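Inspection log for the structure reproduced underneath, given as structure tokens.
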Amino acid sequence: MILSRRASLFLLAFALWSWWIWPTFLVNISRDARSWAADGSPTGFFTVHLVLVITSLVLGTVIGVMGWRGFRAIRRQTTEC
């Protein structure tokens, strides 16, 4: 299946958005007082958000790879014609 140029660019934009938003979110969560116990260990609040961030970055990467492959396939298809 070959993605359209618009779909490929959308997937790439989504991946870039994910890689811009989620690290920023993690920094903000790590600065929250609810993220750390009195002894300095991470709380459940931080752990849950860390798992959310990691999952989102993995999915954003997979989506970005799909978008990049789709975009490259379109470029190859147009240069061959």
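Everything numeric here is computed off the predicted structure, so don't read it as measured data.
- Counting non-hydrogen atoms of other residues, nucleotides and ligands closer than 6.0 Å to CZ of Phe10 gives a total of 12 or fewer.
- Linking Ile, Leu, Val, Met, Phe, Trp and Tyr residues whenever their side-chain heavy atoms come within less than 4.5 Å leaves Phe71 and Ile63 in two separate clusters.
- The OG1 atom of Thr47 sits 12.5 Å away from atom CG of Leu52, with the distance rounded to the nearest 0.5 Å.
- Within the 3.5 Å criterion, the main-chain N or O of Ala37 finds no donor-acceptor partner in the side chain of Ser41.
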Sequence neighbours excluded and cut-off under 3.5 Å, please list the side-chain donor-acceptor pairs for residues 15-22, or say none.
unit_1 : atom_1 : unit_2 : atom_2 : d
Ser18  : OG     : Phe14  : O      : 3.1
Trp19  : NE1    : Thr61  : OG1    : 3.0

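- Under a hydrophobic clustering in which Ile, Leu, Val, Met, Phe, Trp and Tyr are joined whenever their side-chain heavy atoms come within less than 4.5 Å, directly or via other members, Leu9 and Trp68 fall into the same cluster.
- Rounded to the nearest 0.5 Å, atoms OG (Ser4) and CD1 (Ile74) are 6.0 Å apart.
- Note that the CG atom of Leu26 and the CZ atom of Phe46 stand 5.0 Å from one another [nearest 0.5 Å].
- Taking all atoms of both residues into account, the shortest heavy-atom contact from Ser8 to Gly70 is OG-C, 3.3 Å.
- Taking 4.5 Å as the limit, some side-chain heavy atom of Trp36 sits within range of a side-chain heavy atom of Pro42.
- The hydrophobic cluster containing Phe25 also contains Ile54, counting ILVMFWY residues as joined when their side-chain heavy atoms lie under 4.5 angstrom apart, directly or transitively.
- The distance from atom CE of Met66 to atom CG of Leu11, rounded to the nearest 0.5 Å, is 5.5 Å.
- At least one side-chain heavy atom of Val53 sits less than 4.5 Å from a side-chain heavy atom of Leu57.
- Side-chain N or O atoms of Ser30 include one that pairs as donor or acceptor with a backbone N or O of Val27 at under 3.5 Å.
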